[in-house]
Visitor: 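Quick one: the structure is below, questions incoming.
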Amino acid sequence: MPRHWLMKSEPDELSIDDLARAPKRTTPWFGVRNYQARNFMRDDMRVGDLAFFYHSSCPEPGIAGIVEVSRLAYPDATQFDPKSAYFDAKATRNAPRWFNVDVKLVRKTRLVTLPELRAARGLEEMVILRRGNRLSITPVTAAEWKIVEKMAT
DNA sequence: GCCAACGTTGGC
DNA sequence: GCCAACGTTGGC
């Protein structure tokens, strides 16, 4: 099982600084509506797993910090809320469709930009860098983790 | 704003 | 089960 991850967030929605200001520096990772990403959270993530916090769809996309999984996956509350943009009419309390973990900020890092990641040796196979990749949660290998963590320091 | 790439939907 | 159409993601 992977123990390292990369999780994308649009800073307009939730930035690394927003997380730093959040109570207990913790947030539910709600709003994931892709089955593969959901499965990673629901089936594979364990408390203590580490993840890079990635800013996407913004002027400077890149890795902005490190978070850890602080709570196992549980049903995403927004799927039941008709007022939420993430409402899912087909989801029920008895048969929830979407799940989220909680993540807690470990530390902010300097911004490791997308061009830097692309240029780095050893990251050629990183899922986030693959052509056409859109997955919001992706596994990171131990080797990739080491390289990027060093770049972020 | 553009557009490539991808996931989902729904008709058949 | 196939696949065209559609919607979304996300870098540029």
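Letters A, B, ... are given to chains in the order of the sequence lines, protein chains preceding strands, and every chain is numbered from 1.
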Visitor: Is any side-chain N or O of A/Y54 closer than 4.0 Å to OP1 or OP2 of C/dT9?
Guide: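 So the side chain of A/Y54 is outside the cut-off, no N or O lying under 4.0 Å from OP1 or OP2 of C/dT9.
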Visitor: Measure the distance from CZ on A/R134 to C1' on C/dC6 and round it to the nearest whole Å.
Guide: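 In whole Å, C/dC6 C1' lies 12 Å from A/R134 CZ.
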Visitor: Would you mind telling me which of B/dT8, B/dC6, C/dC12 lies closest to the side-chain atoms of A/R118?
Guide: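 Among B/dT8, B/dC6, C/dC12, the one nearest the side chain of A/R118 is C/dC12.
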Visitor: So A/W145 and A/F52, would you call those rings parallel, tilted or perpendicular, with 30° and 60° as cut-offs?
Guide: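 Parallel, since the angle between the ring planes stays under 30°.
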Visitor: Using atom CZ of A/R33 as one end and atom P of C/dT8 as the other, report the distance to the nearest whole Å.
Guide: 14 Å
Visitor: Whole-Å distance between C/dT9 P and A/I128 CD1?
Guide: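 Atom-to-atom, A/I128 to C/dT9, this comes out as 14 Å.
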Visitor: Please check if the distance between the ring centroids of A/Y35 and A/W98 is under 6.0 Å.
Guide: yes
Visitor: If I take atom CE in residue A/M7 and atom P in nucleotide C/dG10, what distance separates them, rounded to the nearest angstrom?
Guide: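 It is 13 Å, rounded to the nearest whole Å.
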Visitor: Find the distance between CZ (A/F40) and CG (A/L135) and round it off to the nearest 0.5 Å.
Guide: 6.0 Å
Visitor: Grab the CG-P distance between A/D12 and C/dG11 for me, whole Å please.
Guide: 13 Å
Visitor: Using the closest heavy atom to pick a nucleotide of DNA chain B for each, name whichever of A/K90 or A/N34 lands nearer the 5' end.
Guide: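 The residue whose closest nucleotide sits nearer the 5' end is A/N34.
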Visitor: Atom CD of A/E10 to atom C1' of C/dT9: distance rounded to whole Å?
Guide: 8 Å
Visitor: Just verifying a value: how many Å separate A/T138 OG1 and A/H4 NE2, rounded to the nearest 0.5 Å?
Guide: 13.0 Å
Visitor: Of the nucleotides C/dG11, C/dT8, B/dT8, which one has an atom closest to the side chain of A/Y35?
Guide: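 Shortest atom-to-atom distance from the side chain points to B/dT8.
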Visitor: Roughly, in whole Å, what's the span from CD1 in A/I137 to P in C/dT9?
Guide: 14 Å
Visitor: Among the candidates B/dC6, B/dT8, C/dG10, find the nucleotide nearest to the side-chain atoms of A/K8.
Guide: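 Closest nucleotide to the A/K8 side chain: C/dG10.
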Visitor: From CG of A/L135 over to C1' of B/dC6, roughly how many Å is that when rounded to an integer?
Guide: 10 Å
